[in-house]
Chemist: 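The structure's right below; bear with me while I get my questions together.
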Amino acid sequence: MRVEDVCSKHNLPASVAEVLKKSGIEELYPPQAEAIRRGVLNGKNMVVAIPTAAGKSLIAELAMLKSVLIDRGKCIYIVPLRALASEKYEDFRQKYGELGVRVGISTGDFDAPDPSLARYDILVATSEKVDSLLRHRAKWLADIVTVAVLDEVHLINDPGRGPTLEILTARLRRENPKLQILALSATISNADEIADWLNAEVVTSDWRPVPLKEGVYHRGAVRFSDGSERKIKTGVKDVLAALALDTVQEGGQALIFVSTRRSSQTAAELIGAHIQGILTHQERRELDEVAQRVERALGEPTRICKRLGACIRMGTAFHHAGLYHLQRKFIEDAFRGHLIKVICATPTLAAGVNLPSRRAIVRDYRRYDPMLGQQFIPVLEFRQMAGRAGRPKYDKYGEAILIAKSKDELEALFEAFIFAKPERITSKLASEPALRTHILAAIATGYARSFDGLLDFIGQTFFAHQHETRAVAGIVDRIIDYLDREEMIRRQGELLVATPFGERVSQLYIDPESGVVLRDGIKNISAAPPTELGILHIICHTPDMGLLYLGRREKEELERFALEHIEEFLVKVPDPYEDPEKFEFFLAELKTAKMLQAWIEEVDEDEIHEEFGIGAGDIRRAAEVAEWLLYSAHELAKLFKIRRALSPLRKLRQRVRYGIKEELLELVTLSGIGRVRGRDLYRAGYRRIADIRRASVEELKRVPHIGEEIARSIKRQVEQEFEESGEYRNRV
DNA sequence: GTTGGAATTCTCTAGACAGCATGTC
DNA sequence: CTAGAGAATTCCAAC
């Protein structure tokens, strides 16, 4: 089926076909053609469950273009990751911008100036962001959407985030019954069940644009499921290095999936030692540039940065969430550019951005679970890793390889992964934390106003499709009691109404439990001003804050530390003997709070890495969440009129945001000035905005990390400020 | 004593969404 | 209760 014919048949302008032709798309893939035949362009709902890279997105794109260009419709494209959102946003804008289609993006870290759909035809957003938008302007947004795309719907299976996806889908549909829903999924075994729920057609297929050979390595050879075999004879002893080298020698690349960050690092180093030798001079030079960029991604290179740099110079890299996101991006780009030959990654890469490779090696197909020990990873996850194999246009076929250590294991791996059916997706909505949040939101937005209304609302979710709605009646009842008791809602006869507290908690997008913790914490601030540690601990006590891993040897010291600071905590410290488990949690909270404190004391990232066992990426992520919670605490303090708490919370929020001591707060209000440059300026004697106003651009340029551009920019800013008000802000 | 390597014991374990108001290094 | 990789530590032989 040709794109051109599809366009003319469905009244799409010929320019659409031209635009797609430019991206190399003229002929539709079989699953895409199937979707057209089943009526995606006639407004049919559709579930598309096909492998990665089999062209799911284009199906949705055609449907969106039809809606936008012909019916003046508005579309939202919902993804599970920010990185995916920006990838889609760039892609859509680049491809369809010239058709006059206005594309916007809205995620927590990157928001269009006005994410209202009025300005855009297609809005790309994360599911939580869409949920949040619905909470702020419920009806209006849902009203105007004509096409909603749920990318990676199999995320419904995720206990933490799946419920959000169900809820927002149910809300969008109820608000606009004519809404066209397109659900895109990896191959799963119950796509039909989801289709049934959405009243949709199903397209399932195993078809791939680049054929995939799946096999298991054992004793010097890979046995593929099609019966073929490939001997690995590189002369290298280490199996992993041999498998990588084998494909690199023939001009391919390899992605290697391991289960821990540590493994990814050691594997990248080990393989690098073998790859290094076959790099050309040109490649070495370019790799060195990449390595330098990675090392300079954040101020002074830390130990991890240097290790990563060393790997990159050998043509390999490790990739995990401990890295700073820019570093990850550099690595991904260099791999796409065929420069980096091998990436050793944790599962980050399996579900992340598009990054194909000729060979995908799954070394660790087990993962540790604190409850259950080592467990096989889900087939679905293996499929996503394997699906990365095969670069369109470059490789004749892709190879996905598991590594067996014995003959028995060889057979077992074929059974457990290669021939196995992917799991069934099940709703995780019936969990208390998930329902707590969404029930409050439903009441706060007036979407449901009674017990029956709530059940009715839950009745439209995937959960109700898989179970009886009544199965959650008990939990719903308990949650209503809880919300009532904590004064987030009030009962007026049968009617349920949100209090201002409940409403604010719902809009802040925090867990109701977090709202309670923050409220009680700040109410405990007595006459004496709270300490940094006390506030940071409250933040970490909240279920929204992820906690750092508590090492065995750290406990004693933390316990001592807790005792020394026992006066500062704003909650009752649990008794280690009465409730050891709770006490463990407390220590983990304390460790996390200490880490944030180190961050705002401007402790070297390298030192934080050493002491707390986390990388730059982890620090930023924790700081980001903490900042959001500090803002929330501040808002609640306003609501409850706890004046004493306002200023400390405001200051701390800014400090956590930038990772700075209080003395830099003023400098950091300048755009372009953050943790590093702020400290450099301060050290050079520029401690206040007034100092900068007195300095010349030439003088400022002498400060480290400040060049012509930045110097001019901050000069401009301070002068402007002067003109505007005659004095500058003292406030934070 | 020192050194280098093997053997043994010990330790630790993936990922990443959200507010708000504008810009990190 | 579960498992395996990698780091840390101990052990031991050869000098």
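So that the names make sense, note that chain A is the first sequence line, chain B the second, and so on, each numbered from 1.
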Chemist: Of Pro370(A) and Ser264(A), whose nearest nucleotide on DNA chain C comes first from the 5' end?
Modeler: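 The residue closer to the strand's 5' end, by nearest nucleotide, is Pro370(A).
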Chemist: Between C1' on dA18(B) and NE2 on His438(A), what's the gap in Å once rounded to a whole number?
Modeler: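 Rounded to the whole Å, the gap is 11 Å.
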Chemist: Would you mind classifying the nucleic acid contact of Leu81(A) as base, sugar-phosphate or nothing, using non-hydrogen atoms under 4.0 angstrom?
Modeler: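 Result for Leu81(A) = sugar-phosphate.
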Chemist: Please check if any side-chain donor atom of Gln717(A) sits under 3.5 Å from a side-chain acceptor atom of Ser713(A), or the reverse.
Modeler: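 Side-chain D/A pair, Gln717(A) to Ser713(A): present.
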Chemist: Of Asp158(A) and Tyr631(A), whose closest DNA chain B nucleotide lies nearer the 5' terminus?
Modeler: Asp158(A)
Chemist: For the side chain of Arg161(A), starting at C-beta, report the closest nucleotide among dC20(B), dA18(B), dA16(B).
Modeler: dA16(B)
Chemist: With sequence neighbours left out, what residues match Glu610(A) under salt bridge (charged side-chain N to carboxylate O under 4.0 Å, His left out)?
Modeler: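 Testing Glu610(A) for salt bridge (charged side-chain N to carboxylate O under 4.0 Å, His left out), a comparison that skips the adjacent residues, returns Arg303(A).
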Chemist: How long is the line joining CG of Leu168(A) and P of dA18(B), in whole Å?
Modeler: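 Answer to the nearest Å: 13 Å.
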Chemist: Could you tell me how far dT13(B) sits from dT2(C) if I compare only their C1' atoms? Round to whole Å.
Modeler: 13 Å
Chemist: For residues 291-300 of chain A, which residue pairs pass the salt bridge (Lys or Arg N to Asp or Glu O under 4.0 Å) check, not counting sequence neighbours?
Modeler: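 Applying salt bridge (Lys or Arg N to Asp or Glu O under 4.0 Å) to every pair that reaches into residues 291-300 of chain A, excluding sequence neighbours, yields Glu295(A)-Arg313(A).
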Chemist: Produce a footprint string for nucleotides 6-14 of chain B: one letter per nucleotide, 5' end first; B if the base is under 4.0 Å from any protein heavy atom, S if only the sugar-phosphate is, - if neither.
Modeler: -----SSBB
Chemist: Hey, do the aromatic rings of Phe417(A) and Phe376(A) have their centres closer than 6.0 Å?
Modeler: yes
Chemist: Tell me: CG of Asp511(A) to C1' of dC17(B), nearest whole Å?
Modeler: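 The answer, rounded to whole Å, is 13 Å.
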Chemist: Kindly write out the residues that satisfy side chain to side chain contact (heavy atoms under 4.5 Å, CB included) with Ala242(A), not counting sequence neighbours, or none if the list is empty.
Modeler: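 Listed in chain order: Ile232(A), Thr234(A), Val236(A).
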Chemist: Could you work out the separation of dG4(C) and dC17(B) based on their C1' atoms and round it to a whole Å?
Modeler: 31 Å
Chemist: Over how many whole Å does the gap from Glu624(A) atom CD to dC20(B) atom C1' extend?
Modeler: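 Between C1' of dC20(B) and CD of Glu624(A): 12 Å.
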Chemist: At 4.0 Å (heavy atoms only), tell me whether Thr107(A) reaches a base, stays on the sugar-phosphate, or touches nothing.
Modeler: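 Result for Thr107(A) = sugar-phosphate.
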Chemist: Please identify each residue that fulfils salt bridge (charged side-chain N to carboxylate O under 4.0 Å, His left out) with Arg675(A), with sequence neighbours left out.
Modeler: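 Salt bridge (charged side-chain N to carboxylate O under 4.0 Å, His left out) check on Arg675(A) returns nothing, list empty.
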Chemist: Taking atom types as modelled, find out whether Gln265(A) and His320(A) have a side-chain donor-acceptor pair closer than 3.5 angstrom.
Modeler: yes
Chemist: With sequence neighbours excluded, what pairs up with Val703(A) under the side chain to side chain contact (heavy atoms under 4.5 Å, CB included) test?
Modeler: Asp680(A), Leu681(A), Ala684(A), Tyr686(A), Ile706(A)
Chemist: When you check the phosphate oxygens OP1 and OP2 of dC20(B), does a side-chain N or O of His634(A) lie under 4.0 Å from one of them?
Modeler: no
Chemist: Give Arg366(A) one of three labels, base, sugar-phosphate or nothing, depending on what nucleic acid heavy atoms sit under 4.0 Å from its own.
Modeler: sugar-phosphate
Chemist: Who are the ring pair (Phe, Tyr, Trp, His ring centres under 6.0 Å) partners of Tyr549(A), not counting sequence neighbours?
Modeler: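 Listed in chain order: nothing, the list is empty.
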Chemist: Pick base, sugar-phosphate or nothing for Arg363(A), based on heavy-atom distances below 4.0 Å to the nucleic acid.
Modeler: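 The residue Arg363(A) makes sugar-phosphate contact but no base contact.
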Chemist: Could you write out DNA chain B as a dot-bracket string, with dots for unpaired bases, | for bases paired across to another strand, and Watson-Crick or G-U pairs counted at under 3.5 Å?
Modeler: |||||||||||||............
Chemist: dG19(B) P sits how many Å from Leu629(A) CG, rounded?
Modeler: 12 Å
Chemist: Within the 3.5 Å criterion, strictly below it, is a donor on Tyr324(A) or Glu605(A) matched to an acceptor on the partner's side chain?
Modeler: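 No, no side-chain donor-acceptor pair sits under 3.5 Å.
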Chemist: Donor-acceptor pair, distance only, cut-off 3.5 Å: does the side chain of Glu166(A) make one with the backbone of Phe462(A)?
Modeler: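 Side chain of Glu166(A) to backbone of Phe462(A): a pair is present.
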Chemist: Between dA7(C) and dA14(B), how many Å separate the two P atoms, rounded to a whole number?
Modeler: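 Looking at atom P only, dA7(C) and dA14(B) are 14 Å apart.
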Chemist: With sequence neighbours excluded, what pairs up with Val516(A) under the side chain to side chain contact (heavy atoms under 4.5 Å, CB included) test?
Modeler: Tyr482(A), Glu486(A), Met488(A), Arg519(A), Asp520(A)
Chemist: Could you work out, with side chain to side chain contact (heavy atoms under 4.5 Å, CB included) as the rule, every residue matching Tyr631(A), not counting sequence neighbours?
Modeler: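 For Tyr631(A) the side chain to side chain contact (heavy atoms under 4.5 Å, CB included) partners, ignoring immediate neighbours, are Arg504(A), Leu508(A), Glu635(A), Arg653(A).
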Chemist: Across the strands shown, which category fits Leu372(A) at heavy-atom distances under 4.0 angstrom: base, sugar-phosphate, nothing?
Modeler: base
Chemist: If only side-chain N and O atoms count, and only distance matters, is there a donor-acceptor pair under 3.5 Å linking Asp544(A) with Ser514(A)?
Modeler: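 Looking only at side-chain atoms, Asp544(A) and Ser514(A) do form a donor-acceptor pair, the distance falling under 3.5 Å.
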Chemist: In whole angstrom, what separates Arg135(A)'s CZ from dC20(B)'s C1'?
Modeler: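 One finds 16 Å between C1' of dC20(B) and CZ of Arg135(A), rounded.
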Chemist: Mind checking Thr266(A) for me? I need base, sugar-phosphate or nothing, with any heavy atom below 4.0 Å counting as a touch.
Modeler: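 Answer is sugar-phosphate: Thr266(A) comes under 4.0 Å of backbone atoms only.
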Chemist: Between Lys405(A) and Met371(A), who's closer to the 5' end of DNA chain C by nearest nucleotide?
Modeler: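 Looking at DNA chain C, the more 5' nearest nucleotide goes with Met371(A).
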Chemist: Without decimals, in angstroms, what is the distance between Leu649(A) CG and dG19(B) C1'?
Modeler: 15 Å
Chemist: Report which part of the nucleic acid Gln507(A) touches: base, sugar-phosphate, or nothing (heavy-atom distance under 4.0 Å, all strands).
Modeler: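 Answer is sugar-phosphate: Gln507(A) comes under 4.0 Å of backbone atoms only.
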Chemist: Below 3.5 Å is the cut-off: list the nitrogen or oxygen pairs between protein and nucleotides 23-25 of chain B, distance only.
Modeler:
unit_1: dT24(B); atom_1: OP1; unit_2: Tyr658(A); atom_2: OH; d: 2.9
unit_1: dC25(B); atom_1: OP1; unit_2: Arg675(A); atom_2: N; d: 2.4
unit_1: dC25(B); atom_1: OP2; unit_2: Gly674(A); atom_2: N; d: 2.2
unit_1: dC25(B); atom_1: O3'; unit_2: Gly299(A); atom_2: N; d: 3.3

Chemist: Please give, in whole Å, the distance from dG19(B) P to His136(A) NE2?
Modeler: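 From His136(A) NE2 to dG19(B) P: 7 Å.
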Chemist: Are more than 12 heavy atoms from other residues, nucleotides or ligands located less than 6.0 Å from atom NZ of Lys329(A)?
Modeler: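 It does not: Lys329(A) NZ has 12 such atoms or fewer within range.
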Chemist: Going 5' to 3' along DNA chain C, which are the first and last nucleotides with any atom under 4.0 Å from a heavy atom of chain A?
Modeler: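 In short, chain A contacts DNA chain C from dC1(C) to dA7(C).
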Chemist: Are there more than 12 heavy atoms of other residues, nucleotides or ligands under 6.0 Å from atom CD of Glu557(A)?
Modeler: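 For Glu557(A), atom CD is not crowded (no more than 12 foreign heavy atoms under 6.0 Å).
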